[in-house]
Amino acid sequence: MAGAGLGFSSSFSAQGRATAGFMVRIPVPLLKRWQLKFAGLNGIFRIRVAGCGVSSTRLYNCGSCTAEERVSVDMERYKEAFWRRMAMAGLKPHHSIAVGVSGGPDSMALCLLTAAWKTDGPYAASQSDGYVDGLLAIIVDHRLRAESKEEAHIVSRRVSKMGIRCEIAECNWSDGRPKQGHLQEAARDMRYQIFQKVCIQHQIDVLLIAHHADDQAELLILRLSRGSGVLGLAGMAFASQFFSTSTVLHNEGSNNKGLLLVRPLLHFSKEDMYKICQASNQDWVEDPTNRSPAYARNRIRMSLGNLSSYTFQSEIQELISSCRKTRAYVEHISNELIDQAVTIMDQQGYAVIDLMVLSPSKVPDMCLSKFIALVLQFVSQKHRTVRGATSKRLLDYVRTFPCKTSFTVAGCYLCPSPGSRGTKLLVCCSVNCPLPSTIEVNNSDFDREPKQYPSMLDEIIAEGKSYVDQFVPDVVDVKFLDMTCQSVLAEAKRIGIISESTHNNITLLERNETKYFKPENKVHLEQEIIENPSTSASESELLHPGKACYFMDRFMVTWNERPLSYCSYLVIDHRTAAEVRYMAESDWLYLAKLARCKNLHDLVPQRTDADSEVEQIAGKRKQSLEYMQLSAIKSLQSLKSIPVAARRSLPVLVNHEGILLTIPSIGFQCCPCLIVSCAFRPRFPLGGGHSSFL
């Protein structure tokens, strides 16, 4: 699987093309497994034993082949197929693109095809200093092995010879090396964070990844063993938006369009990867950590390797294709329902679903579940899967018309929208969400316009969507609507997508992998969703003048620094940090008291001042208290238009004494010199962004 290894192989042979023989020390079981795989390849292999407590052998392949073998590979056919897939993603040669490179045959083949696509044809990209313009290879050194740095530089030199600029990025494991059981997952997460960071630095909107058809087959078996639904069995998206987990802040909030992740090789096989590299006389490396049976994907990959008949391979791909058609249909219907039935209140960050327009009783379960999941994910800005009994209760709740009760699920609170008589459903963020995260910026960031660079992402996505819309299947062509993973296999056999033999083999692979999935390791999703560790409204973040925080991944709260005068009885100056927390019922009760209070000195606690200061500040104190009261009166009017349930997720600022300073969403502030703004800036859009399962 491209990029799935934890670094690169530990040794390379630059002289492999000139040498006909090779010298190795290979354990007998591995020798039997590899001798067919590498039969006919000309090259030098260096094998060494690596530690980690268990002796293991690392294979390093330079992937050369004879001239006769290269001629037999029809590169034009591969190029045509690649060109077609890039067009379906909305990509053109002049677009700036990054490629994730591990050095294996998958990513090296991707580099070869991408460089050719960039430089061939009438719209070819120009070249400067021997490199293709608008093309960057990103090599991640995971720093999990001593030799990884050297290896990354060797891969960089190989890719540079193709005319592709390279950047090597190192992983910084601030919490130490990941535990063995989570090593691959941690490495993957870190890798994608680095991909995203480098792309932002180079103003690149598109990242190509070398996942291929064999990876999809592995994922199918893995997800079957985990009890995934049909949407999960559809595998990896051909193209999807990947949104930043660390939003760049500026004075107008974040504009996070994300990164477009494209997998143009999903219709290519692993064998195709080898052939492309061989035809181009391109060296690659094999990472033997991908053969360790300690990891699920490796076990499945080796098992699938024993079932390499054309019939099995073609039928499993046809099964995946049918699941992808189902997913494409479900996503199309879900997005249509969002456009028709959902209204987002941009300032407060909650949603209203029109149940009469939605007509949930007429929507298939799978489509309705996907629709609700997309709305919940947008409002909470958290990806939480709702499964099992909780999913059924949620569907029953949404289908109950008119709506009369409330429901808490996946970080959201659902209830009838006020004044709708149950015909509309209010969806707001529950205060029982994970702790907020804060990102600070320098004061100077608010004094200049945010840096912008020309982005073609909208144009690319629009072009890609035009292809997606052409291939949306009709409901009669959707084979697996509202089916479980087990019924999918049975139905696929019944209608002839897979044969009895393929069905039995898939079932056997699934059962073998399920044995490794220990029940105690399963996440009890229903309990997690219902009984998620709560954070009360008192949990908060600190905000300093001139800085900003991203509250609950939803609100951009910005405190513009300016000289602060004496603010009534409140202690605020340039050294003071305010506490940002949820709005509580006590806050709007405080506003109500403030609005009708005749003697504000009884409501607002007094500061103790030196006698010499009393006369000097007496006038300002009176003006400040009057300003507070007027601000409270106006804010209460604004608050009336916000449902009580939605109020609880609004950010407020209080000082160290707990005194309310400002509720920026409704315009309340204790002093005219306290300028705090709040804008709803979700990390990802409603619908989760563009995705294509072509």
*asked:* Can you tell whether the side chains of Lys275 and Glu271 come within less than 4.0 Å, N to carboxylate O?
replied: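 Between Glu271 and Lys275 there is no salt bridge, as every charged N stays at least 4.0 Å from the carboxylate O atoms.
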*Between Asp553 and Arg683, is there a side-chain N and carboxylate O pair less than 4.0 Å apart?*
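Salt bridge flag = yes for Arg683 with Asp553.
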*Go through Cys277 and Met273 one step at a time and tell me if the side-chain contact (heavy atoms from CB on, under 4.5 Å) criterion holds.*
CA-CA 6 Å; Cys277 289; Met273 305 297 103; 5.8 Å; no
Kindly say whether [Y] contributes a backbone atom to a donor-acceptor pair with the side chain of [X] at under 3.5 angstrom?
| X | Y | value |
| --- | --- | --- |
| His142 | Leu144 | no |
| Asp477 | Pro473 | no |
| Asn298 | Pro293 | no |
| Ser308 | Leu304 | no |
| Asn505 | Ser501 | yes |
| Arg143 | Arg177 | no |
| Ser160 | Ser156 | yes |
| Gln241 | Leu261 | no |
| Ser303 | Arg299 | yes |
| Thr114 | Cys111 | no |

If we ignore angles and hydrogens, is there a donor and acceptor under 3.5 Å between the side chains of [X] and [Y]?
| X | Y | answer |
| --- | --- | --- |
| Gln486 | Glu510 | yes |
| Glu315 | His503 | no |
| Asp141 | Ser148 | yes |
| His212 | Asp106 | yes |

Compare all side-chain heavy atoms of [X] with those of [Y] and state whether any distance is below 4.5 angstrom.
| X | Y | result |
| --- | --- | --- |
| Ile154 | Arg157 | yes |
| Leu208 | Met86 | yes |
| Ser240 | Arg263 | yes |
| Leu231 | Met366 | yes |
| Ile276 | Met75 | yes |
| Trp117 | Leu91 | yes |
| Ser499 | Thr502 | yes |
| Leu266 | His211 | yes |

Between [atom1] on residue [X] and [atom2] on residue [Y], distance to nearest 0.5 Å:
| X | Y | atom1 | atom2 | result |
| --- | --- | --- | --- | --- |
| Asp214 | Ile316 | CG | CD1 | 9.5 Å |
| Leu113 | Met108 | CG | CE | 12.0 Å |
| Arg191 | Gln184 | CZ | CD | 9.0 Å |
| Ile138 | Ile204 | CD1 | CD1 | 6.5 Å |
| Ile506 | Leu307 | CD1 | CG | 9.5 Å |
| Asn504 | Glu500 | CG | CD | 4.5 Å |

*Please say which of Glu491, Lys325, Arg327 ends up in a side-chain contact (heavy atoms from CB on, under 4.5 Å) with Phe480.*
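It is Glu491; the other options fail the test.
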Identify the two heavy atoms, one from [X] and one from [Y], that lie closest to each other, and give their separation to 0.1 Å.
| X | Y | value |
| --- | --- | --- |
| Ser391 | Ser369 | OG-OG, 4.2 Å |
| Trp173 | Ala186 | CH2-O, 3.6 Å |
| Gly100 | Phe195 | CA-CZ, 3.7 Å |

List the atom pairs, with distances to 0.1 Å, where a side-chain N or O of residues 219-230 and a protein N or O form a donor-acceptor pair under 3.5 Å, not counting sequence neighbours.
unit_1, atom_1, unit_2, atom_2, d
Arg223, NH1, Gly232, O, 2.6
Ser225, OG, Leu222, O, 2.5

*asked:* side-chain contact (heavy atoms from CB on, under 4.5 Å) for Leu207 and Ile97? Distances and angles first, verdict last.
replied: CA-CA 6 Å; Leu207 174 69; Ile97 289 171; over 6 Å; no
_CA sep, side-chain torsions, deciding dist, call: Glu80, Arg77, salt bridge (charged side-chain N to carboxylate O under 4.0 Å, His left out)_ = CA-CA 5 Å; Glu80 269 184 42; Arg77 179 174 62 86; over 6 Å; no
_Show, in sequence, the C-alpha distance, side-chain angles and deciding distance for Val140 and Cys171, and conclude whether the side-chain contact (heavy atoms from CB on, under 4.5 Å) test is met._
CA-CA 7 Å; Val140 178; Cys171 294; 3.6 Å; yes
*Is it the case that Arg188 places NZ or CZ above or below the six-membered ring of Tyr192, under 6.0 angstrom from the centre and within 45 degrees of the axis?*
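Yes - Arg188 lies over the ring of Tyr192, closer than 6.0 Å to its centre and within 45° of its axis.
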_Please determine whether side-chain contact (heavy atoms from CB on, under 4.5 Å) holds for the pair Leu489 and Thr507, giving the CA-CA distance in whole Å, both sets of side-chain angles, and the decisive distance to 0.1 Å._
CA-CA 8 Å; Leu489 291 180; Thr507 302; 4.2 Å; yes
*asked:* Please verify the inter-ring angle class for Phe243 with Phe684; under 30° counts as parallel, over 60° as perpendicular, anything in between as tilted.
replied: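 Tilted, since the angle between the ring planes falls between 30° and 60°.
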